[in-house]
Amino acid sequence: MCRPDHYGIYYEINPWMDRNRQADRTVALRQWEVLYQLLTETLRVQVELLPSVPGLPDLCFTANAGLLVDNLFVSSRFRYREREAEVPHFTQWFLERNYRVACLPEPALFEGEGDALFCGDRLFAGYRFRSELQAHHLLAELVGMPVHSLELADPWFYHLDTCLCPLQPGRAAYYPDAFSPASQRLLKETIPELFPVTEVEARRFACNAIVVGQAVVMNADCPHLARTLAEAGYQVHEVETTEFLKAGGGPKCLALFLDREAT
Ligand code: ARG
């Protein structure tokens, strides 16, 4: 994770962002702090921090750093110039800790865990608004496993982690209309248990949750999904992320998995 010390809405690269609807940084810092404490103290997750950098307001969305597969960190190549300068900070962090670091051959665009999520040992990846289909093929080659490509259909759900939330092998929550019809079929074929999320809750980033074992850390105000998950035996923890929603981010965007097995 990365503390949102320099966070704010300073450019517009997705439909949520509007420079006239500025985020309150003090509130953002408090919301981030609550999430951090919940993860580290209540859920006992070991969280590593990347130092924040002035001029890089979206650096706190570490899910977009890249994707970690075993010990290989596949670094992102961002679609928008506004986020490109984050890349060296992320890669340096992984290099310093002796991870193997790779990036996809140019010009393939790939936005890391924002667009690539494991459900069990199946790797799903989204494309169209940020990552590209071509990048999925290269990613599959690089990590030596198949990638299930999902076409995103609604610009408000521009990253896969805004509309798909893997819960455990064979089970996920998702917002169906964010996917093309063919990709909705693919999801139904590959994930036997799918919990559909309503449009209202999807727009509150219900799917953008952090799953740690049986615990699900999700945005507040999504009572329907919260109830469904509680009934399915999950321990639901709600957090406020109103200030991050203004940039098109929620709890999951603020964290990158370093050790999926441990969760
Ligand atoms: N403002 C950021 C962007 O548009 C938000 C990133 C949200 N991250 C995510 N994993 N969905 O790139």
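Atoms within a ligand are numbered from 1 in the order they appear, just like the ligands themselves.
Remark: R30 is not positioned above the aromatic ring of W32, lacking an NZ or CZ atom under 6.0 angstrom from the ring centre and at most 45 degrees off the axis.
Between E201 and R204, no side-chain nitrogen of the basic residue sits less than 4.0 Å from a carboxylate oxygen of the acidic one, so the salt-bridge criterion is not met. In summary, R44 and E41 do not engage in a salt bridge, as defined by a charged side-chain N under 4.0 Å from a carboxylate O.
Aromatic ring centres of F78 and F110: separated by at least 6.0 Å.
Near D161, the atoms of ligand 1 lying under 4.0 angstrom from a non-hydrogen atom of the residue are 9 (C), 10 (N), 11 (N). Remark: ligand 1 atoms within the under-4.0 Å shell around heavy atoms of I13 are 3 (C), 4 (O), 12 (O). Distances below 4.0 Å separate heavy atoms of N14 from the following atoms of ligand 1: 1 (N), 3 (C), 4 (O). The A247 neighbourhood of ligand 1 comprises atoms 1 (N), 2 (C), 5 (C), with distances under 4.0 Å to a heavy atom of that residue. Here is the list of ligand 1 atoms found below 4.0 Å of a heavy atom in R83: 2 (C), 3 (C), 6 (C), 12 (O). Near C253, meaning under 4.0 Å from one of its heavy atoms, ligand 1 places the atoms 7 (C), 8 (N), 9 (C), 10 (N), 11 (N). Counting the atoms of ligand 1 from 1 in the order shown, those under 4.0 Å from a heavy atom of M17 are 1 (N). Short contacts between ligand 1 and G114, defined as distances under 4.0 Å to a heavy atom of the residue, involve ligand atoms 10 (N).
E111 pairs with exactly one of R79, H159, R77 by the side-chain hydrogen bond (donor to acceptor under 3.5 Å, both in side chains) rule, that one being H159. For the side-chain contact (heavy atoms from CB on, under 4.5 Å) test with R130, the passing option among N14, N64, L152 is N14; the others fail.
Checking only distances, N64 does come within under 3.5 Å of ligand 1, N or O to N or O.
Taking atom 2 (C) of ligand 1 as the reference point, the nearest protein heavy-atom neighbour is D58 OD2, 3.2 Å.
For F244, the heavy-atom gap to ligand 1 stays at 4.0 angstrom or more. Note on ligand 1: E113 sits outside its first shell, no heavy atom being nearer than 4.0 Å.
Proximity of E111 to ligand 1, defined as any heavy-atom pair under 4.0 Å, is not found for any part of the residue. The part of Y158 lying near ligand 1 is the side chain, judged by heavy-atom distances below 4.0 Å. In A63, the part holding a heavy atom less than 4.0 Å from any atom of ligand 1 is the side chain.
Taking the six-membered ring for Trp and thresholds of 30 and 60 degrees, W16 and W156 have ring planes more than 60 degrees apart, a perpendicular arrangement.
In summary, the side chains of H136 and S149 do present a donor paired with an acceptor at a separation below 3.5 Å, with no hydrogens or angles considered.
Between L254 and T62, the shortest heavy-atom contact is O-OG1, 3.3 Å.
Counting non-hydrogen atoms of neighbouring residues, nucleotides and ligands closer than 6.0 angstrom, the NE2 atom of H224 reaches no more than 12 such neighbours.
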